[in-house]
Visitor: 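The structure under discussion is supplied below as structure tokens; questions concerning it will follow.
Counting starts at 1 for both ligands and their atoms, following the listed order. The structure displayed is predicted, hence computed values, not measured ones. Numbering of residues begins at 1 and proceeds along the displayed sequence.
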Amino acid sequence: MKNDLNLAVSALNHFQITGTLRGCAPYGNGHINDTFCAFTEDAHSKRRRYILQAINQTVFSRPDKVMENIEGVIEHLHTKTDDPRAVMTLVPTVDGHAFYTDENGGCWRLYDFVEDSLCLERPESNEDFYQSALAFGQFQRDLSDFPAENLNETIPNFHNTPVRYQRFLEAVKADKCGRAKDVADEIRFVTDRADFYSVLLDAHKAGELPLRVSHNDTKINNVLLDADTRSALCVIDLDTIMPGFSVTDFGDSIRFGASTAAEDEKDLSKVWMDLELFKTYTAGFLAGCGGSLPNSEILLLPEGAKMMTIECGMRFLTDYLEGDTYFRIHYPTHNLDRCRTQFKLVADMEEKWDDMKAAVANYCR
Ligand code: ADP
Ligand code: GN1
Ligand code: MG
């Protein structure tokens, strides 16, 4: 973590927090930002928790543009519900701004902690996964009337898989860390599938896959469930909201949540894509979208799942080849282990392809 506790605590003093600061500690399992949970106490010993984040500026070179998107989207989402826990709330700085820039140029933002919520790394039941699907489907539906032209592209070509593939090939060629020789099988896995990478963009060009306002990072740990009812509560991690495809939001959830193992599981015999979870998520996502997805998009949901999984594997492998500068790692081969689980999932999806296609076809009208 680049930002230590001292920096976090001094940043907190620049926000409109209620009560006296009593504690602050690193929090969560995100790969990108530095996240802290802080709590305050008022004169009546009432506690209040906050989520403080330092925006990763290697990943997001224009944090002001990220915050502009988030402010706009949050404001829009608040018009769709009366439940204050259903949408994140930004706490302004003492000057009334959405984020604070410290003396080192670090950018910090503060959210109210969504209390009585659950953040899962894995679904503990099919119902948990269904609820996360409802949340992301509903999220896309709630933003269907948000003016997409107002959004900044915070990471250009974020889910442009052909561009990701070109960057991957460059990383292999440059082989900055001399690691390519050890990952020849993984490199071949990516190059063998080169024809697949343009499938979604081709469908877009053919008019079958419209650009929508999408989340673009739909892991189950980016949605909160209500701790009492375990129902869908609040979508979080809004950094990558940009125009994108419905099927990639669907697909990234499958990649992460329909896997039978963690993203960094070393024992690949434990890793596959659970077809029942795939079906469960399909039902939840389409229900959340309000039955509004046209058949051409429904039919491409399996492609979205495979695309997000191979793309993510490729990104982990690129980062491994480039010396682990993008994703937070906890040990030297962490990105390689993550890449291997993704490729195992892709291979398993290829085995189950006909069943995946048949499962989504059931929803066509
Ligand atoms: P990253 O981009 O690094 O993944 P996230 O925005 O997803 O960062 O936050 C990391 C973790 O912090 C989440 O997985 C969740 O556990 C927790 N979190 C973030 N925002 C909130 C919030 N408003 N209320 C409760 N928990 C939150
Ligand atoms: C990152 O921020 P986090 O941990 O939710 C990444 C996603 C990857 C994911 C892989 C901005 O998500 O694109 O799919 O790791 N976010 C960014 O777990 O690159
Ligand atoms: Mg996250």
Visitor: Give me the ring orientation class for Phe189 and Phe343: parallel if the planes are under 30° apart, tilted from 30 to 60°, perpendicular past 60°.
Guide: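 Taking Phe343 first and then Phe189, their aromatic rings lie parallel (interplane angle under 30°).
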
Visitor: Identify which protein N/O/S atoms are less than 2.8 Å from the Mg ion (ligand 3).
Guide: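 Result, waters dropped: Asn222 OD1, Asp237 OD2.
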
Visitor: Quick one, Phe285 with Ser253, criterion side-chain contact (heavy atoms from CB on, under 4.5 Å). Give me CA distance, side-chain angles, the key distance, then yes/no.
Guide: CA-CA 10 Å; Phe285 188 75; Ser253 292; over 6 Å; no

Visitor: Could you check Arg340, Lys181, Arg193 and say which one makes a salt bridge (Lys or Arg N to Asp or Glu O under 4.0 Å) with Glu186?
Guide: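 It is Arg340; the other options fail the test.
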
Visitor: Starting from atom 2 (O) of ligand 1, locate the nearest protein heavy atom and write down its residue, its atom name and how far away it is, to 0.1 Å.
Guide: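 Nearest neighbour among protein heavy atoms for atom 2 (O) of ligand 1, to 0.1 Å: Asp237 OD2, 2.9 Å.
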
Visitor: Which of the numbered atoms in ligand 2 are under 4.0 angstrom from any heavy atom belonging to Phe60?
Guide: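 It comes down to these atoms of ligand 2: 11 (C).
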
Visitor: Between ligand 1 and Gln53, is the shortest N or O to N or O distance under 3.5 Å?
Guide: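 For ligand 1, there is an N or O atom that lies under 3.5 Å from one belonging to Gln53.
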
Visitor: Does at least one non-hydrogen atom of Asp112 fall below 4.0 angstrom from an atom of ligand 1?
Guide: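 Flag set, Asp112 near ligand 1.
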
Visitor: Near Phe316, which atoms of ligand 2 are under 4.0 Å from a heavy atom of that residue?
Guide: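 Selected atoms, number and element: 10 (C).
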
Visitor: If you have a sec, work out which protein heavy atom is nearest atom 11 (C) of ligand 1 and how many Å separate them, to one decimal?
Guide: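 Nearest protein contact, heavy atoms only, for atom 11 (C) of ligand 1 is Gly28 CA, 4.0 Å.
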
Visitor: Please confirm whether Asp237 approaches ligand 2 to less than 4.0 Å, judged on its heavy atoms.
Guide: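 Checking ligand 2 against Asp237, which is what was asked, there is a heavy-atom contact under 4.0 Å.
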
Visitor: Within less than 4.0 angstrom of ligand 2, does Arg255 place any heavy atom?
Guide: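 For ligand 2, residue contact (heavy atoms, under 4.0 Å) with Arg255 is present.
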
Visitor: Backbone, side chain, both or neither: what part of Val114 comes under 4.0 angstrom of ligand 1, heavy atoms only?
Guide: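 It is both backbone and side chain that touch ligand 1.
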
Visitor: Heavy atom to atom 5 (O) of ligand 2, shortest distance: which of Asp217, Asn56, Thr154 holds it?
Guide: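 Nearest option to atom 5 (O) of ligand 2, by heavy atoms: Asp217.
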
Visitor: Measure the distance from atom 21 (C) of ligand 1 to every protein heavy atom, then report the residue, atom name and distance (to 0.1 Å) of the closest one.
Guide: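 In this structure, atom 21 (C) of ligand 1 has Ile51 CG1, 3.4 Å as its nearest protein heavy atom.
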
Visitor: Looking at atom 19 (C) of ligand 1, what's its closest protein heavy atom, distance included?
Guide: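 For this ligand atom, the closest protein heavy atom is Ile236 CD1, 3.7 Å.
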
Visitor: Can you tell me which residue and heavy atom of the protein come closest to atom 16 (O) of ligand 1, and the distance to 0.1 Å?
Guide: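 Closest protein heavy atom to atom 16 (O) of ligand 1: Cys119 SG, 3.2 Å.
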
